[in-house]
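Below you'll find the structure, written out as C-alpha cells, and then a few comments.
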Amino acid sequence: MAIRQLSVFVENKKGTLHEITDVLAKSGIDLRSMSIADTSDYGIVRIIASDPERAKEILNAAGHAANVRSVTAFAVPDQPGGLAKVLSILEENGIDIEYMYALVTKTVGKAYAVMRTNDEDKAEKLLNDNGIELLDEAHI
C-alpha cells in the first residue's frame, strides 16, 4: 500500500525552494508534506503531492532533476510511545529506515509519518500484521 513521493535534487541557493513550490502551485499541484535534506551545495526535497507523476514532469521541464519513488505512510495514535511501537517492530525484524518525516493531516488523535526503508514490502507487511494503519494515496 505504498504511496508515491516526489524527490527533487536541488542546488542549495537562494530562491530554489520558492521556484519549485511556485511552479507546482501555478500548475495546480497541492503539496501534502515536504522534507528537505541538504549539504552546503546541494539538497533533496522530498514531497508528497496530489499528482506526483505530473509534478515530476513539470519540474523536469523547468530544469529540475525530479523522480518518483514508493514510500510507506502510516498512522499511529498521537500519544507518547505511538511511533516507538512502530520503530520497535521494524528494528526487531531487521528493517532499516533510510529516512522519515511527518505527514500533516486534519485527523485528530492520530499522528502520520512517511518513511523509506531498505525493504518496503516487508516493512508494510510487518506493520499491517501488527495492526498499524497503513495509508494509501486516497487517504492523503
Side-chain angles (χ1 to χ4, degrees):
M1 191 180 293
I3 63 170
R4 294 169 297 157
Q5 170 193 266
L6 178 68
S7 296
V8 188
F9 183 73
V10 296
E11 188 175 359
N12 192 354
K13 68 178 186 178
K14 185 177 181 174
T16 304
L17 186 59
H18 174 248
E19 180 183 328
I20 289 168
T21 58
D22 190 53
V23 72
L24 293 175
K26 288 177 178 172
S27 299
I29 302 292
D30 188 20
L31 307 182
R32 306 288 164 75
S33 189
M34 179 184 296
S35 171
I36 303 168
D38 72 334
T39 64
S40 60
D41 296 323
Y42 296 95
I44 298 174
V45 180
R46 295 181 174 104
I47 300 170
I48 303 299
S50 58
D51 189 341
E53 296 295 339
R54 187 164 156 255
K56 173 188 167 186
E57 293 171 10
I58 291 164
L59 290 171
N60 284 336
H64 298 284
N67 64 34
V68 175
R69 69 184 321 173
S70 293
V71 292
T72 300
F74 59 94
V76 296
D78 188 8
Q79 63 189 30
L83 180 59
K85 176 183 176 183
V86 171
L87 299 179
S88 175
I89 292 166
L90 296 173
E91 180 182 9
E92 290 169 4
N93 288 278
I95 301 293
D96 295 328
I97 297 171
E98 295 176 12
Y99 56 83
M100 180 185 292
Y101 56 96
L103 177 63
V104 178
T105 70
K106 297 177 182 176
T107 304
V108 176
K110 293 184 180 179
Y112 295 87
V114 174
M115 69 178 170
R116 176 77 181 168
T117 69
N118 63 330
D119 190 336
E120 292 295 308
D121 292 335
K122 184 177 177 183
E124 287 185 9
K125 181 175 181 351
L126 284 166
L127 296 179
N128 191 51
D129 290 350
N130 284 275
I132 305 301
E133 179 184 356
L134 297 174
L135 306 178
D136 60 19
E137 291 180 355
H139 285 95
I140 56 172

side-chain contact (heavy atoms from CB on, under 4.5 Å) between Leu127 and Leu90, worked out
CA-CA 8 Å; Leu127 296 179; Leu90 296 173; 4.2 Å; yes
Count I, L, V, M, F, W, Y as connected when their side-chain heavy atoms are under 4.5 Å apart, and connections chain through other members. Are Met34 and Met100 then in the same cluster?
no
Glu11: partners by side chain to side chain contact (heavy atoms under 4.5 Å, CB included), with sequence neighbours left out
Lys13, Tyr42
If every non-hydrogen atom of Ala49 is compared with every non-hydrogen atom of Ile29, which pair is closest and at what distance?
CB-CG2, 3.7 Å
Tell me, which pairs form a ring pair (Phe, Tyr, Trp, His ring centres under 6.0 Å) where one or both residues lie in residues 73-129, sequence neighbours left out?
none
Are Leu87 and Met115 co-members of a hydrophobic cluster defined by side-chain heavy atoms under 4.5 Å apart?
yes
Could you tell me whether a side-chain N or O of Glu124 sits under 3.5 Å from a main-chain N or O of Thr72, the two making a donor and an acceptor?
no
Over all heavy atoms of both residues, which pair between Asn130 and Lys85 is shortest? Give the atoms and the distance, please.
O-NZ, 3.8 Å
Here the gap from Arg116 atom CZ to Gln5 atom CD, rounded to the nearest 0.5 Å, amounts to 8.0 Å
Between Ser27 (side chain only) and Ala55 (backbone N and O only), is there a donor and an acceptor less than 3.5 Å apart?
no
Show your working on side-chain contact (heavy atoms from CB on, under 4.5 Å) between Leu59 and Leu24 and close with a plain yes or no.
CA-CA 8 Å; Leu59 290 171; Leu24 293 175; 4.0 Å; yes
Could you give the distance from CD1 (Ile36) to CD1 (Ile44), rounded to the nearest 0.5 Å?
11.5 Å
Using every non-hydrogen atom in the two residues, find where Leu6 and Pro52 come nearest and quote the distance to one decimal.
CD1-O, 4.0 Å
In Å and rounded to the nearest 0.5 Å, what is the CG to OG1 distance from Leu31 to Thr21?
7.0 Å
Mark yes or no for whether Arg32, through its side chain, and Ile47, through its backbone, hold a donor-acceptor pair below 3.5 Å.
no
Passes salt bridge (charged side-chain N to carboxylate O under 4.0 Å, His left out), Asp22 versus Lys26? Steps please.
CA-CA 6 Å; Asp22 190 53; Lys26 288 177 178 172; 2.9 Å; yes
Is it true that atom CG of Asn128 has more than 12 heavy atoms of other residues, nucleotides or ligands lying nearer than 6.0 Å?
yes
Going from CG on Asp78 to CG on Leu83, what distance comes out if it is rounded to the nearest 0.5 angstrom?
11.0 Å
Quick check against the 3.5 Å criterion: does Glu137 have a side-chain atom that pairs as donor or acceptor with the backbone of Arg4?
yes
Tightest non-hydrogen contact, residues Asp96 and Asn118, listed as N-OD1, 2.9 Å
Would you say the side-chain atoms of Lys122 pair up with the backbone N or O of Asn93, donor to acceptor, closer than 3.5 Å?
yes
Testing the 3.5 Å rule here: is there a donor-acceptor pair between the side chains of Ser88 and Glu91?
no
Gap separating the CG atom of Leu103 from the CD1 atom of Ile48, nearest 0.5 angstrom
6.5 Å
Does anything in residues 48-64 pair up under side chain to side chain donor-acceptor pair (under 3.5 Å), and if so which pairs, sequence neighbours excluded?
Glu19-His64
Derivation and outcome, side-chain contact (heavy atoms from CB on, under 4.5 Å), residues Val10 and Leu17
CA-CA 8 Å; Val10 296; Leu17 186 59; over 6 Å; no
Look up atom CG in Leu134 and atom CD1 in Ile3, then write down how far apart they are to the nearest 0.5 Å.
10.5 Å
